[in-house]
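Beneath this line is the structure, given in structure tokens, with notes to follow.
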Amino acid sequence: CIRDSINGDGSITGLAVGGLPDGSVDADSLASNAVTSTKLATNAVTTNKIANGAATQAKRTYASGEIIQTVHASTTDSSYYSNSNSWTDYLSASITPTSSSNKVLIYHVVTYGGNDNSYAGGRCYRSGSGTTDTYIQTPTNYQWTESRFTDSSFMMFMNGSANDVYKMWQTTFMHVDTPASSAAVTYTFAIKADAANRTAFINRSDNNPTNGYNPRPVTTVTLMEIKG
């Protein structure tokens, strides 16, 4: 018979596979990186064997419709306005999708005011090195015959009486975009009044009173990457 013998280098001659008693090899007995992924049996690592906090966010598999990341931006600046039938940018935010197959949910709240009998529109413009630069089209502009706001993304209700010049309004724009990019994507928001004799302001009323007629205004945007 062949007897087991310990060699000078610490190896054991004659030891068959599975010959060590249960529990004789512990974590301290294993060399660093001795157990590779190819040596693990299929489904060998179960949920109960994973320590709390061991799996990082980068290793997570998201289900379709889950939120992967969120970006938020806001402004209280009241210096932005339009009175020349042209677009004036007032807020932007950028997000870098983790996959080109994912979508971006845009949630925008804009606070604004204007002079008597003004008309205004809002625009969301998408740009980036890996996507098509374009303004976001919604049913407010491509299903309606309109010559002044053909490149708008959302409507902005304006005042209809003289006293409304002391007031402000809020409009919400929500859209699920498909930038088809894993590079940084920027969404820029702009306002446009329809004529030179009409003015639309961001974060203020036309008279911009300081006597407490309105709460402090803010304009915000939240971008959420959604698993596709």
Side-chain angles (χ1 to χ4, degrees), residues 26-27 30-76 89-112 121-144 151-157 169-191 202 217-228:
D26 57 15
L30 295 174
S32 298
N33 302 318
V35 181
T36 63
S37 58
T38 58
K39 295 298 184 180
L40 294 175
T42 304
N43 299 324
V45 181
T46 62
T47 302
N48 292 334
K49 294 179 181 178
I50 301 176
N52 292 336
T56 63
Q57 195 76 354
K59 296 297 184 181
R60 178 182 173 185
T61 300
Y62 290 87
S64 178
E66 279 195 277
I67 298 175
I68 298 175
Q69 62 171 316
T70 301
V71 173
H72 180 78
S74 65
T75 180
T76 57
D89 297 342
Y90 58 84
L91 181 63
S92 66
S94 299
I95 190 170
T96 303
T98 57
S99 171
S100 59
S101 62
N102 293 341
K103 301 180 183 299
V104 175
L105 174 61
I106 307 165
Y107 182 70
H108 175 51
V109 179
V110 54
T111 305
Y112 61 96
R123 185 178 72 176
C124 176
Y125 191 84
R126 181 187 71 207
S127 61
S129 60
T131 189
T132 302
D133 294 355
T134 183
Y135 60 89
I136 304 297
Q137 290 187 316
T138 67
T140 61
N141 55 45
Y142 67 78
Q143 294 182 358
W144 190 267
D151 53 351
S152 67
S153 301
F154 51 93
M155 299 178 291
M156 299 179 72
F157 169 80
W169 290 266
Q170 282 190 325
T171 288
T172 299
F173 171 70
M174 183 178 289
H175 177 75
V176 178
D177 188 38
T178 306
S181 174
S182 58
V185 180
T186 299
Y187 295 91
T188 302
F189 296 88
I191 187 173
I202 295 294
V218 63
T219 291
T220 66
V221 59
T222 301
L223 306 175
M224 289 171 275
E225 181 185 3
I226 307 297
K227 175 66 176 179

Distance from [X] atom [atom1] to [Y] atom [atom2], nearest 0.5 Å?
{"X": "Ile67", "Y": "Met224", "atom1": "CD1", "atom2": "CE", "result": "5.5 Å"}
{"X": "Arg123", "Y": "Ile191", "atom1": "CZ", "atom2": "CD1", "result": "12.5 Å"}
{"X": "Glu66", "Y": "Asn102", "atom1": "CD", "atom2": "CG", "result": "11.0 Å"}
{"X": "Tyr135", "Y": "Thr188", "atom1": "OH", "atom2": "OG1", "result": "15.5 Å"}
{"X": "Ile68", "Y": "Thr98", "atom1": "CD1", "atom2": "OG1", "result": "4.0 Å"}

Run the side chain to side chain donor-acceptor pair (under 3.5 Å) test against Thr134 and tell me which residues pass, sequence neighbours left out.
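With neighbours one apart ignored, the set is empty.
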For a 4.5 angstrom cut-off between non-hydrogen side-chain atoms, does [X] reach [Y]?
{"X": "Val109", "Y": "Phe173", "value": "no"}
{"X": "Val104", "Y": "Val185", "value": "no"}
{"X": "Leu105", "Y": "Lys103", "value": "no"}
{"X": "Val71", "Y": "Thr222", "value": "no"}
{"X": "Val176", "Y": "Ile226", "value": "no"}
{"X": "His72", "Y": "Val221", "value": "no"}
{"X": "Tyr125", "Y": "Tyr187", "value": "no"}
{"X": "Ile106", "Y": "Leu223", "value": "yes"}

Taking all heavy atoms of [X] and all of [Y], pick out the closest pair and write down the distance.
{"X": "Ala73", "Y": "Ser92", "value": "CB-O, 3.8 Å"}
{"X": "Val218", "Y": "Thr220", "value": "CG2-CG2, 4.0 Å"}
{"X": "Ala183", "Y": "Gly130", "value": "CB-N, 4.3 Å"}

Would you say OH of Tyr62 has more than 12 non-hydrogen atoms from neighbouring residues, nucleotides or ligands within 6.0 angstrom?
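Buried by this count: over 12 neighbours within 6.0 Å.
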Exactly one of Asp177, Asp133, Thr186 should register a side chain to side chain donor-acceptor pair (under 3.5 Å) with Arg126. Which one does?
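Looking at Asp177, Asp133, Thr186, the match for Arg126 under the side chain to side chain donor-acceptor pair (under 3.5 Å) is Asp177.
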Chi angles and distances behind the ring pair (Phe, Tyr, Trp, His ring centres under 6.0 Å) call for Phe154, His108:
CA-CA 10 Å; Phe154 51 93; His108 175 51; 5.7 Å; yes
Quick test of your reading: applying salt bridge (charged side-chain N to carboxylate O under 4.0 Å, His left out), list the pairs with at least one residue in residues 218-228, sequence neighbours left out, ordered by first then second residue.
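Pairs touching residues 218-228 that pass the test: none.
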For the residue pair Thr171 and Tyr112, confirm or rule out a side-chain donor-acceptor distance under 3.5 Å.
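Distance-only check passes for Thr171 and Tyr112.
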Stepwise side-chain contact (heavy atoms from CB on, under 4.5 Å) check, Trp169 with Val110
CA-CA 8 Å; Trp169 290 266; Val110 54; over 6 Å; no
side-chain contact (heavy atoms from CB on, under 4.5 Å) between Thr111 and Ile202, worked out
CA-CA 6 Å; Thr111 305; Ile202 295 294; over 6 Å; no
